[in-house]
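Lettering of chains follows the sequences in order, A, B, ..., and the numbering in each one begins at 1.
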There are 2 protein chains.
Amino acid sequence: MEYVHDIISALSKQGYRLTPQRLMVVSAIENSEDHISAEEIYSQVVVRYPNVNISTVYRTLELLKRLGLVTETDLGGGRVRYHPADKGHHHHLVCQECGAMIDLDESLLGPLQDALLREHNFIADLRHLAIHGRCVDCRR
Amino acid sequence: MEYVHDIISALSKQGYRLTPQRLMVVSAIENSEDHISAEEIYSQVVVRYPNVNISTVYRTLELLKRLGLVTETDLGGGRVRYHPADKGHHHHLVCQECGAMIDLDESLLGPLQDALLREHNFIADLRHLAIHGRCVDCRR
DNA sequence: TTGATAATTGCAAGTAGTTGCAGTTACAAT
DNA sequence: ATTGTAACTGCAACTACTTGCAATTATCAA
Ligand SMILES: [Mn+2]
Ligand SMILES: [Mn+2]
Ligand SMILES: [Zn+2]
Ligand SMILES: [Zn+2]
């Protein structure tokens with residue numbers, strides 16, 4: 001069985017069209033070492049496909065989010081960032097003062113997720129959260 | 001002792017100027033029954049102070065956030081919403097599918113806040129969160 | 001009261017992201 | 001291969017929010 005990117009095969013399986021623009025956006029996300037922004041995706045894609053428009057990047061991200069294939073996270077810095085939903089299950093603590101980021105294991109939010117499901121019948125999307133606050137150094 | 005809005009007396013105590021624009025923004029927030037947007041604040045203020053600029057509203061909100069006097073929350077709908085930090089301690093579950101909102105007691109996040117402080121020395125700002133996901137009806 | 005002065009504001013331009021629409025194209029059916 | 005069609009894209013205009021800068025003003029000291 002040939003190798004296909006997870007996201008692309010999921011798109012294909014669900015009947016979405018595999019346009020070159022989408023393939024390149026997906027590839028930028030899957031090849032990114034960490035969290036990537038829409039602008040960064042765009043500037044990668046535009047090199048190989050010069051007349052792509054950034055609204056296509058945003059629309060693709062919207063689709064991938066809606067299908068649960070990528071997560072969108074506000075890590076500060078004025079733009080949200082994306083990464084594959086099934087890659088590196090974890091969260092981040094973000095200091096609002098100095099921008100420091102602390103990685104957090106996903107297990108810390110398990111109990112909360114369970115409680116919300118049990119007590120409110122609500123399926124919380126708690127994959128790759130950014131929790132904002134103050135780190136030790138910026139404590140007042 | 002005379003009555004002063006909590007937020008105004010806090011501003012004053014910390015040495016910030018009490019401009020008419022600020023007083024009116026604060027008043028709009030404190031008088032709002034629930035969560036209010038920047039645009040809604042602006043449209044209240046502009047009636048009594050016609051040449052106020054919306055950037056002043058945004059800058060005032062930024063200040064009030066930074067001082068911990070108001071909370072900013074993304075409840076969906078394409079704009080964030082504000083309310084006094086010390087009013088109605090609670091959170092919201094927001095369904096990404098249908099927009100339904102379920103109120104949540106603040107106690108549910110106490111254990112998480114404690115764990116983050118204990119295990120990571122991080123003071124998480126978990127006042128008035130919006131947790132996104134799917135409600136029972138939109139479950140798949 | 002009356003200045004001095006730094007904080008604050010209005011304005012205009014900028015950034016991140018969204019949307020309506022007309023034209024293009026992936027994909028399926030022939 | 002050709003063609004029909006809805007999905008998708010590019011484009012341009014728009015929304016929410018931000019920012020640099022010059023003009024205004026709240027506050028304080030004289
Ligand atoms: Mn991450
Ligand atoms: Mn609320
Ligand atoms: Zn910090
Ligand atoms: Zn729902």
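Once rounded to the nearest 0.5 Å, the distance linking CD of B/Q21 with OG1 of B/T60 reads 7.5 Å. The line from CD1 of A/I7 to CD1 of A/I29 is 5.5 Å long, rounded to the nearest 0.5 Å.
Note on A/V94 and B/L116: separate hydrophobic clusters, where clusters join Ile, Leu, Val, Met, Phe, Trp and Tyr whose side-chain heavy atoms are under 4.5 Å apart, directly or indirectly.
Across every non-hydrogen atom of A/H92 and A/L104, the tightest pair is N-CB, 4.4 Å. The two residues B/D105 and B/H91 have their closest heavy-atom pair at O-CD2, 3.8 Å.
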When you compare the protein's N or O atoms with those of nucleotides 27-30 of chain C, which come within less than 3.5 Å of each other, and at what distance?
from   : atom 1 : to    : atom 2 : distance (Å)
C/dC27 : OP1    : A/L18 : N      : 2.9

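Atom pair B/E39:CD and D/dC17:P shows a separation of 8 Å (rounding to whole Å applied). Put simply, OH on A/Y42 is 12 Å from C1' on D/dC11, counting in whole angstrom units. D/dC8 atom C1' lies 16 Å from atom CE of A/M24, rounded to whole Å.
Residues B/P20 and B/S37 both approach DNA chain D. Their nearest nucleotides, taken by heavy-atom distance, put B/S37 toward the 5′ side.
Between B/Q21 and the phosphate of D/dT25, there is no side-chain N or O to OP1/OP2 separation shorter than 4.0 Å.
By the 4.0 Å N-to-carboxylate-O rule, A/E62 lies too far from A/R59 to be salt-bridged with it.
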Practice problem: Kindly determine whether B/H90 and B/E106 satisfy side-chain hydrogen bond (donor to acceptor under 3.5 Å, both in side chains), including the steps that lead there. | Solution: CA-CA 5 Å; B/H90 65 275; B/E106 66 170 338; over 6 Å; no
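At a non-hydrogen distance threshold of 4.0 Å, A/Y49, A/N51, A/V52, A/N53, A/S55, A/T56, A/R59 from residues 43-75 of chain A come into contact with DNA chain D.
Proximity of the aromatic rings of A/H83 and A/H128 is defined here by a centroid distance below 6.0 angstrom, and this criterion is met.
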